[in-house]
Amino acid sequence: QVQLVESGGGLVQPGGSLRLSCAASGSIFSINAMGWYRQAPGKEREFVARAGPTGTTNYADSVKGRFIISRDNAKNTVYLQMNSLKPEDTAVYYCDADARSIKSSIWYHYWGQGTQVTVSS
């Protein structure tokens with residue numbers, strides 16, 4: 001089994017920055033892509049950014065040029081550096097990963113529990 005734990009959320013003023021972290025733990029054999037989604041109140045969960053195991057990245061249009069995703073494969077951790085934050089970035093941010101545990105030959109998709117990001121003055 002693989003667990004994802006996010007950290008780094010909080011309250012920030014418009015134009016400010018936050019850095020989210022998501023650490024994977026458990027009986028990990030391998031992790032493929034890791035990424036971030038978000039869900040604002042009353043809205044569906046939406047894609048934010050994703051990082052492949054070799055460093056390839058892709059972003060939602062709404063965050064391109066403002067957010068940067070990175071990962072430390074040695075630590076099984078993915079980061080999301082969020083700059084120039086806007087009130088519309090307010091949401092619960094969820095980490096996700098495609099991973100395989102030691103005792104299984106099957107790849108599963110895992111979610112973290114989410115961390116709140118609020119952008120407000």
Those residues at least two apart in sequence (or on a different chain) that pass side-chain hydrogen bond (donor to acceptor under 3.5 Å, both in side chains) with Lys64 are Asp61
Residue set satisfying side-chain hydrogen bond (donor to acceptor under 3.5 Å, both in side chains) with Gln116, at least two apart, ordered chain then number -> Thr118
Hydrophobic side-chain clustering at under 4.5 Å (ILVMFWY, transitive links): who's grouped with Val92? Put none if nobody.
->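 Tyr37, Phe47, Tyr94, Trp111, which link up through side-chain heavy atoms under 4.5 Å apart, make up the rest of the cluster.
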Remaining members of hydrophobic cluster (4.5 Å side-chain criterion), Ile102 |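 Phe29, all in the cluster of Ile102.
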For the atom pair [atom1] ([X]) and [atom2] ([Y]), what is the distance rounded to the nearest 0.5 Å?
| X | Y | atom1 | atom2 | value |
| --- | --- | --- | --- | --- |
| Leu80 | Arg71 | CG | CZ | 13.5 Å |
| Gln81 | Ile69 | CD | CD1 | 12.0 Å |
| Met34 | Leu4 | CE | CG | 6.0 Å |
| Arg100 | Ser27 | CZ | OG | 11.5 Å |

Please list every donor-acceptor pair under 3.5 Å in which a side-chain atom of residues 48-55 meets a protein atom from a residue at least two apart or in another chain.
| unit_1 | atom_1 | unit_2 | atom_2 | d |
| --- | --- | --- | --- | --- |
| Arg50 | NH1 | Asp96 | OD1 | 3.2 |
| Arg50 | NH1 | Asp96 | OD2 | 2.7 |
| Arg50 | NH2 | Asp98 | OD2 | 2.6 |

Pairs in or reaching into residues 56-83: which pass ring-ring contact (aromatic ring centres under 6.0 Å, His included), with residues at least two apart or in two chains?
->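 For residues 56-83: none.
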Within-4.5 Å side-chain heavy-atom neighbours: [X] and [Y]:
| X | Y | answer |
| --- | --- | --- |
| Val78 | Trp36 | yes |
| Tyr108 | Ser101 | no |
| Lys103 | Gln1 | no |
| Thr90 | Val117 | no |

Show me, pair by pair, the donor-acceptor contacts under 3.5 angstrom made by side chains of residues 5-17, not counting sequence neighbours?
| unit_1 | atom_1 | unit_2 | atom_2 | d |
| --- | --- | --- | --- | --- |
| Glu6 | OE1 | Gln113 | N | 3.0 |
| Glu6 | OE1 | Gln113 | NE2 | 3.3 |
| Glu6 | OE1 | Gly114 | N | 2.9 |
| Glu6 | OE2 | Cys95 | N | 2.8 |
| Glu6 | OE2 | Gly114 | N | 3.2 |
| Ser17 | OG | Asn83 | OD1 | 3.0 |

Within residues 112-121 or reaching into it, pairs that qualify as salt bridge (charged side-chain N to carboxylate O under 4.0 Å, His left out) - sequence neighbours excluded |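 For residues 112-121: none.
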Not counting sequence neighbours, list each pair that qualifies as a salt bridge (charged side-chain N to carboxylate O under 4.0 Å, His left out) and has a residue in residues 34-43.
->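 Passing the test, one end in residues 34-43: Arg38-Glu46, Arg38-Asp89.
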Is there any disulfide bond (SG atoms under 2.5 Å apart) pair reaching into residues 29-65, and which pairs are they, with sequence neighbours excluded?
-> none
More than 12 non-hydrogen atoms from neighbouring residues, nucleotides or ligands closer than 6.0 Å to CD on Glu44, yes or no?
->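 Result for CD/Glu44: open.
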Side-chain donor or acceptor of Ser62 paired with backbone N/O of Ala60 under 3.5 Å | no
Can you check side chain to side chain contact (heavy atoms under 4.5 Å, CB included) on Tyr93 and Met82, steps first, answer last?
-> CA-CA 11 Å; Tyr93 283 70; Met82 304 185 294; 3.9 Å; yes
